[in-house]
There are 2 protein chains.
Amino acid sequence: MALDKFDLEILEILQKNNLTPQRDIGDRIGLSAAAVQRRIKRMRETGVITADVSVVDQSELGHPLTIFVEVELKDEQLKLIDEAKQLFSSIAEVQQCYYVTGDVDFILVLALPTMSDYEKLTRKLFFGNPNVKKFKTFVSMQSVKTTFEIPIIKK
Amino acid sequence: MALDKFDLEILEILQKNNLTPQRDIGDRIGLSAAAVQRRIKRMRETGVITADVSVVDQSELGHPLTIFVEVELKDEQLKLIDEAKQLFSSIAEVQQCYYVTGDVDFILVLALPTMSDYEKLTRKLFFGNPNVKKFKTFVSMQSVKTTFEIPIIKK
DNA sequence: TGTACTTATGAAACAAAATTGCAAATAAAC
DNA sequence: GTTTATTTGCAATTTTGTTTCATAAGTACA
């Protein structure tokens with residue numbers, strides 16, 4: 001979908017706060033609220049905007065721990081890779097899952113209550129998984145920046 | 001802040017779609033819209049809800065590439081670590097930055113237009129940085145799951 | 001157990017925001 | 001330069017969010 005200058009400016013605002021009133025957005029970018037509304041609607045329908053969500057403090061929900069895992073598979077058959085994707089995706093504690101190039105196959109980002117919970121999950125996902133060759137764990141001490149914001153290229 | 005059963009149910013909904021009308025939420029969990037509104041307001045004020053954002057398709061914004069970087073510093077003085085945190089955070093293409101334990105100091109998640117842009121950024125962040133000992137790059141072939149959702153523990 | 005105090009609730013009134021209809025303006029196609 | 005298709009702003013409408021207020025539920029304590 002072709003995005004013009006106005007669309008980009010709208011997205012720039014919504015990526016920071018999607019509760020911004022359309023009237024305010026209109027004022028800032030020089031459009032009427034109605035025009036803004038129609039553009040947002042279109043971007044939602046066409047999949048430019050993929051989701052609208054509240055971000056919640058993970059500690060408040062009892063999942064203070066962020067853990068990264070690099071997973072290497074034994075067998076990289078398409079079928080087995082798809083199985084791994086499905087398995088990892090199905091776990092609620094897996095916030096993010098990426099299929100990557102290189103000597104590692106997957107990178108996972110987990111949110112968990114305690115190390116003990118990670119240990120349990122580890123058994124299910126890795127030790128109990130015949131196709132996992134090895135995995136490497138990184139524990140986050142601090143989330144310095146956490147966003148899905150994409151920079152807007154202005155011309 | 002103490003969250004009760006209702007708060008958790010609200011958060012479960014808002015994490016998936018924060019545009020859900022409060023009346024709908026109320027109907028689903030058995031509260032009036034007014035009660036839902038007050039609870040959401042309080043959770044925003046107390047920082048339980050840290051942000052409300054639209055998530056945008058990165059390809060649509062010309063940043064189809066997702067890259068992970070493990071960064072290892074030479075000197076782990078507090079001052080130099082803070083400098084690194086600030087530097088990484090300040091880069092718009094750095095979506096996520098974590099300070100981690102182990103043989104690596106930082107893990108970065110980047111969103112970029114092309115490999116050539118990564119190469120350029122690499123010079124600025126790593127090669128041109130006297131305190132970076134080494135860094136390791138992983139290129140994502142597929143974003144299998146990307147969310148900040150935290151599981152809700154129901155009793 | 002009873003009283004004072006705090007807090008949360010729903011219903012209704014109110015305010016603010018989003019959405020739609022329509023005519024005018026703009027841009028694109030030919 | 002005329003036609004066609006899009007997009008716009010304004011105003012009306014509808015939906016959603018917010019506040020008020022009286023009531024109910026829950027606490028603390030004598």
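Proteins come first, then strands; the chains are lettered A, B, ... in the order of their sequence lines, and each starts at number 1.
- Taking B/Y99 as the reference, nothing meets the side chain to side chain donor-acceptor pair (under 3.5 Å) condition, with sequence neighbours excluded.
- Partners of B/T137 according to the side chain to side chain contact (heavy atoms under 4.5 Å, CB included) rule, which considers only residues two or more places apart in sequence or in another chain, are B/I67, B/Y118, B/F135, B/V139.
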- [ ] Between protein and nucleotides 24-30 of chain C, map the contacts as a letter string: B base, S sugar-phosphate only, - none, heavy atoms under 4.0 Å, written 5' to 3'.
- [x] -------
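- In this structure, the side chain to side chain contact (heavy atoms under 4.5 Å, CB included) partners of B/S116, at least two apart in sequence or on a different chain, are B/T114, B/K120.
- Axis deviation across the helix from C/dT1-D/dA30 to C/dC30-D/dG1 amounts to 50°, comparing end segments of five pairs, rounded to 10 degrees.
- Residue pairs meeting the salt bridge (Lys or Arg N to Asp or Glu O under 4.0 Å) criterion with at least one member in residues 31-41 of chain B, sequence neighbours excluded: B/D4-B/R39, B/D7-B/R39, B/K41-B/E45.
- Residues forming a side chain to side chain donor-acceptor pair (under 3.5 Å) with B/E76 (at least two apart in sequence, or on another chain): none.
- Among residues at least two apart or in separate chains, salt bridge (Lys or Arg N to Asp or Glu O under 4.0 Å) pairs with a member in residues 128-139 of chain B are A/D103-B/K136, B/E72-B/K133.
- Considering only residues two or more places apart in sequence or on other chains, B/R23 meets the side chain to side chain contact (heavy atoms under 4.5 Å, CB included) condition with B/A33.
- Partners of B/V53 by side chain to side chain contact (heavy atoms under 4.5 Å, CB included), not counting sequence neighbours, listed by chain and number: A/V53, A/V55, B/A51.
- Within residues 33-51 of chain B, the residues approached by DNA chain D to less than 4.0 Å at the level of any non-hydrogen atom are B/A34, B/Q37, B/R38, in residue-number order.
- Cluster note: A/L78 groups with no other residue, as no ILVMFWY side-chain heavy atom lies under 4.5 Å from it.
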